[in-house]
Each structure stands twice: as C-alpha cells, then as structure tokens.
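One structure below.
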Amino acid sequence: MSRRILVTNALPYANGQLHIGHVLEHIQTDIWVRFQQLRGRRCVSICGDDTHGTSIMIRARQEGIREEDLVAGMRQAHMADLAGFEVEYDNYGSTNSPETRQCCEEIWTALRRAGMVSEQEVTQLYDAQAGTFLADRFVKGTCPNPECHSPNQYGDSCDKCGRHYNATDLIDPVSTLSGSQPEIRTARHLFVNIEKLHAFLETWTQQGGHLQPEVANYLKGHFLGEPLHDWDVSRPAPYFGFEIPDSPGNFWYVWFDAPIGYMGSTKEWCQRRGEDFDAWWRSLETELHHFIGKDITYFHTLFWPAMLHVGGFSLPTKVHIHGFLTVNGEKMSKSKGTFIRASTYLEHLEPSYLRYYYASKLSSGVEDLDLNFDDFIGKVNSDLVGKVVNIASRTARFVEKTGLAAQLEDGRELFDKTAAAGEEIAAAYETGDYSRAMRLVMAAADEANQFVEHQAPWTLRQDPQKLQSVCTAGLNLFRQLAVYLAPVLPRLARQTGELLGDPIVSWQQSQTPLLGSAVKKFAHMMQRVDPKKVEAMIAASAEPAEAESPSAAASPDSDAPLKAEPLAETISFDEFSKVDLRVARVLAAEDVAGAQKLLKLRLSLGGQHERTVFAGIKGVYQPEELVGRLVICAANLAPRKMKFGLSEGMIVAAGGQGSGEIYLLAPDSGAKPGQRVH
RNA sequence: GGGCUCGUAGCUCAGUGGUUAGAGCAGGGGACUCAUAAUCCCUUGGUCGUAGGUUCGACUCCUACCGAGCCUACCA
C-alpha cells in the first residue's frame, strides 16, 4: 500500500518579508515533497502564515491599518515569493482562520479536561497610554547591571553586556510604543502544566526515531533532566489573536496557535478538496513530517507533541530540523548586503540556481549551511550548465530531424548502471541527505559526458544510424538525470519533457529508456550565473545608510561605533554631576577563577582609601600589566554583590560591545589617585 | 560552567575499524572542437586540528586539549 504523507514547513511570521534563509527551509521541504510525489506517494504539503501576537498588533497600529489587512497583504507577498522559487504547497493558509480557531478550541478543551491548565499571577510592564502589556521587546531602558548601565536595551536582555533580566528590572524603562513610562501591573495568566506529560515526552523524544540523534540528546540534557516548567499560553487583552473561550479577556499566546495552524491549514485544504480531516491528523496510516529550523526546536519537540497527545491527534513521524543559513561565512548582514530578501534574489537570479545550491549542501543533520557566492557561481555553472545540460546540448541537435531510435543499442550498459543508481539516490533524498543525492547525480553526469566524448557523435555524419543510436543513448542518460533532479529542478524536468515529448511525472521513468520519440529543436535550458548579477543583487540588498555618503568618505574615522551604540538621551548638568569619577591606582589585579571575563582589582584612591572592583576585562588585559597604572573609577556607585564577591565601583573603559574591544581610560601623566573627574 | 555540531588537498565536501585517504571545483600539461570558453585524458596537492589511549590494524572508537559555530546557565 502506498504511503500517505502530510508535510509541513514552519509558518513564516507575518511581520516581515521572506529572506533567503526562509527560502532554504521552504526549498528543503519542497524538494522532499516533490520527491515523494515523484515516487508515487500521496504527499500533501501544508504551510501558511503565522499571524498573531503583539508584533503584528503594533505594526498594524503603526501603519494605521487593521491587523487583518496587514496579515493579508503579507500573506500575498509570501506566497508570491514562494511561487517565484517554485515552492508549491497544497494549501497556504493562515493562523488567523476559523479553522485554526476551531482546532485551538479542541485542543484547549482537551487540555482542560486533562487537568493541565492552571492560573498564575504574572507581573509585567504595562503601557497605560497604549493600553497594553508590553512584551520584552517593546520596552527599552537602561541595563540594570551596575557594571554596564547601557542605555536603550530591550526588556529581556542587554545586547551590550549580555545579561538577562526581567523587564521590570530595567532602569528608567520606556515603552517603545508610546514613549511613556510603563507601570508595573499584574495579570492572571493561564499555564499548561506540561510536566504532567514528562514521561510521555521522555519516551517520544528518545525513541522511535522521531528526532535527529543530536536533537534527542539536546532535549534530554536540557529539559527532560528536570521538571518541565509550566508554559504560559495566555496574554491579556489587547492582543491580536484568539480569545480563550472560557477565559474572557485572555488570548492564546502566538506560540500556542502557531503549530495548530498546520491543522487549520490542512482543514482548509480538506474542505476544498472534500478530504476527511481525521484521515490526515488522526490516522496511523498517515505519516506526519515537520520541517523546521533549529531555533524553534523547543516548541515542536516538547509542547507540540504534548498538545497533539492530549488532543488525541497523530504525533509527528519525524521533525526534520535544519541549521541556520550564513552568507559568505557570516551571519546575514544588512550592511554587507548579505541580508537578501527572497524578492530581491528573484529580481536578479534564477530560482533554479539557489534550489540546486541549497540541495548540494543540505544534509540530514542540523549543521548550519553557508552560502558562499563564489562557490555558488562555480558550482551552478560547472555542475548544471557544464555537466548536466551540456549532455543534451551536445546530442539533441543531431536527432532533431530523426527523433530517438526505436531501440537502445549503444550505451545500454551505462543506462542500466545509471538506472541502478536510482535507488541509492532515492534513499539519499528520503533521509534528507540531498547533498549526497546531488553528488551521485553529478557522478552519473560525468559518466554520461565521457560516453558522449568517446562515441563522438560529431564524427558520425557518414553513419546516420550510428549517430542516431549514440544520441538516443545520450539523451536517455540526460533524461535519467532530469528525473533524478526533478525534485530540485522542476523547471529542468519540464523542459526535458518538452524536448522529448514525454512529461516527467514519475521516478520510474528513469528505469526505462524513451524510444522512437520526436525531439524538438534544442534551446538553452539554463543560463550560466552571471557574477555581475550576483554583485548587483548584493548591492541592491545593502542598506542605503551604508552606501557611502560623501561626508562619511571624507572622515578618517568610521561612524560604525556611533551607529552601533547611538547617543543616549540628553541629561542635565546636575544629573551628570551625580556620577563621581575618580582617578585610582591599581594596587593589585588577579584572575577570578571560574569567571569568564572578570578580573578582580584592588584600587587605591589615595591614602588608606581602597576599593575592590571587578572588571570585565579578562583576556583583554593581563593582570600584571595593570598593576601600578592609573584608571578612572566610578566611585559613588552602590556596591554590587556578585558571585565572586562585592564590587565597590566600576572602572570605565571604551569599547565596541561584543567585539571584544575594550580600552581602559587613563588620565594624562601627573594625575593623582583620588582626584575627581569633572 | 554544561550541552550539541564541526575541524580531511587552495575552496566546497565525501569517507565511521582493514589494502598505498577520495570527489568536484581551482592550479599545471595535453586532446577535441558536437556543446552555453562547455567536454575528455593526464597531473600537482593532504603528517585526515593536537597529544595520548584501545586494537593485529584508526581519518573512523575512547580520553584530554586547541580552534570555530550554536544552544543553555551563570556572570560581567
């Protein structure tokens, strides 16, 4: 009996345009789906937009439109981008649909019935002016870390010093929505007591091959080794989402309904196609495969199976988790032009290039994948144009008039060999090891080129029958490759079908030669990648701000540090003079065992006045080189108790955060310990 | 600090116990000229991160360390 498979791709968030990192996942999914369909399986692919949450609500407000309109517009843009990359879904839905709401209610009811919902008080910052609670990313303030005190930090953690804290700990918090000072308010939230399913999750994650081994290990070590925390699944109004039926004024948190959106989207498809929903989501006969990025592992491997289990739905057969995309070896960067939108790519380059490149580098593991443009150009040009398409290009013209021979005589052996390789290639696709599949196909392409070379059809004008025989073999070898590549390169498969008058619809077509068929006039199937277009794409992606402005070019110093850390708000002289900075001499400096960045300093402010200060400069300054030198110390800072002792001040230093650059300030010679800095 | 992944030729990567470690690209030499300066043949190039260990035998297993990335905690 043929397998029945339901495949999902993570739902893109409706808050932004797709970029080439999103595209990686969609292509990975699309290749797998097309492969299954080519193999004759019943394989349905489901996606849609993830539409709820504070971000969407805020953005809609900013643009002065309804959330529904914002979300609808973004969905159209996402669908257009995906279509541009030849990514096809059987249904592209939205979490903001009646179908998703219905599924949410069903699972919620089951959670209630299982006694897995509890209420707890949650204290959060509240913006009275905007009338909403503030998610961490909507509040900014000064980092509460006394050693840091960086302004303009988000409510969850400081990107300067890396400390994590509660938004309520921020100094001088400001709502980014209204600019007003938020107040602290308490609200009742609903929690799912996932710990009750600990044993179930332990078994499900560790057995049955549902997860890649490294993912199973990760969960075991990080979450399953101790009781699972209750999961906060509600947000008080106003919130763009679904109101919880039995808890008026509370809405399901976006991550509650996001995966349920897979079901809602399936339901839409079922209604349109007259399919039975339960046959897809409550049937042991149906495989369920999720493709996601490693950033959302947690939601898909713990909460999601738990919700499905409680709701009586099918559990995922496998969660396929991939790594992140880097470009030219680094995180995508707006200033370097490597943060490339899907639509920008499509304006400059063919989707086939990226589909093939990604396929050639994807494995079944969770490793990150690097898109290196030199490599990209080389690989696409030599593999696809130089090798694969070239086989057709050098044989088709000779048989335009005669068509394919009635028998496969020459090349029979190689044809059989290539046909036999099909199973190995299929196995590689099946496990998600596309790079292996591509290697195998390219090896076959090399042999096909050798065959053509040795038969030298261009020397056979005097022997039309032999010429036709050789080219029939060459084109059949090419057709085999086109079948094997069809999941990755659907356009090439279509072109091949047209060339030979026989559409490629099944993997099985690689096993039998096509004979007696007419051959159309050969036209180029794929253009080489033009490096200039790659450059143009990168230039078009670079942030306009980074495009050189005349004044920036004239200045000897880059304005990058200032951009990285914008000026703080204006303060009065009185406020400035509250900070008492003093010249101090380093009496002693030592490593703090166990600390990653800390040195323990003993400072003298003159006479008997000494201070112990911890400074995050380990690895940048050696303790020996500090002893005796003068530094500037914030001397009236409240002492701070730290893991390694009490810190009685702070020494000031300049630096680009995160870059490891730290430069201690020093007074010019002549300054004496204890002197104040005015 | 804990965890995961990775470290093999200039580049991108195969290779998970067994003969002298492979491919593609790039480089060098030659051939062909059908083909999108594509192709074919030959060729240069690696102490498989380091150091130990297990084994008759290790790139492959174990331990430690070094380096890169990510996650997580703590801390700055």
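Source: prediction; values computed, not measured. Chain identifiers are assigned alphabetically (A, B, ...) following the order of the sequence lines, protein sequences preceding nucleic acid strands; residue numbering begins at 1 within each chain.
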| said: Would you say A:Gln450 places a side-chain N or O within less than 4.0 Å of OP1 or OP2 belonging to B:C41? | reply: yes

| When rounded to the nearest Å, what value does the distance between C1' atoms of B:U8 and B:G24 take? | 15 Å

| query | How far does the C1' atom of B:U50 sit from the matching atom of B:A58, given to the nearest Å? | reply | 16 Å

| request: Let me know the distance between NZ of A:Lys379 and P of B:A23, rounded to the nearest Å. | output: 15 Å

| task | Carefully, step by step, assess A:Asn636 and A:Arg582 under the rule side chain to side chain donor-acceptor pair (under 3.5 Å). | result | CA-CA 9 Å; A:Asn636 62 336; A:Arg582 298 286 172 156; over 6 Å; no

| said: Rounding to an integer number of Å, can you tell me how far A:Asp374 CG sits from B:C25 C1'? | reply: 12 Å

| C1' gap between B:G3 and B:A26, integer Å | 38 Å

| Spacing of the C1' atoms in B:C41 and B:G49 (rounded, Å) | 36 Å

| remark: Rounding to 0.5 Å, atoms CE (A:Met526) and CG (A:Leu384) come to a distance of 5.0 Å

| message | Nearest to the side chain of A:Glu453, heavy atoms from C-beta on, is which of B:U36, B:C32, B:U39? | response | B:U39

Using a cut-off of under 3.5 Å, enumerate the N/O to N/O pairs linking the protein to nucleotides 13-17 of chain B.
unit_1, atom_1, unit_2, atom_2, d
B:C13, OP1, A:Lys361, NZ, 3.3
B:A14, O2', A:Arg439, NH2, 3.4

| task | Considering only atom C1', compute the distance from B:C59 to B:U19 and round it to an integer number of Å. | result | 16 Å

| task | Please measure how far the C1' atom in B:C61 lies from the corresponding atom in B:A73, and state the result in whole Å. | result | 31 Å

| field | Closest approach of A:Phe35 to A:Ala426 (non-hydrogen atoms, all atoms of both residues) | value | CZ-O, 3.3 Å

| message | Please report the interatomic distance OH(A:Tyr434) to CZ(A:Arg355), rounded to the nearest 0.5 Å. | response | 10.0 Å

| Given B:C34, B:G69, B:U39, which nucleotide is nearest the side-chain atoms of A:Trp458? | B:C34

| query | Expressed in whole Å, how much space separates the C1' atoms belonging to B:U16 and B:G1? | reply | 30 Å

| query | Distance check: side-chain N/O of A:Arg528 vs OP1/OP2 of B:A35, anything under 4.0 Å? | reply | no

| field | For B:G10, the Watson-Crick or wobble partner whose two distances fall under 3.5 Å | value | B:C25

| remark: From the candidates B:C40, B:A38, B:C70, the one with an atom nearest any side-chain atom of A:Asn390 is B:A38

| Which of the following nucleotides, B:A35, B:C25, B:G69, is nearest to the side chain of A:Ser393? | B:A35

| task | In whole angstrom, give me the gap between the P atoms of B:G10 and B:A37. | result | 30 Å

| Do A:Val23 and A:Tyr345 touch side chain to side chain, with heavy atoms closer than 4.5 Å? | no

| query | Under 6.0 Å between the ring centres of A:Phe291 and A:His322? | reply | no

| query | Would A:Glu350 and A:Lys533 satisfy salt bridge (charged side-chain N to carboxylate O under 4.0 Å, His left out), going step by step from the backbone distance to the final call? | reply | CA-CA 10 Å; A:Glu350 290 291 318; A:Lys533 291 187 177 172; over 6 Å; no

| query | Can you name the one residue among A:Asp375, A:Asp370, A:Asp368 that meets salt bridge (Lys or Arg N to Asp or Glu O under 4.0 Å) with A:Lys361? | reply | A:Asp375

| note | Re B:A38: Watson-Crick or G-U wobble partner, both distances kept under 3.5 Å, found to be none

| request: Ignoring the backbone of A:Lys387, work out which of B:U36, B:G69, B:G24 is nearest its side chain. | output: B:G24

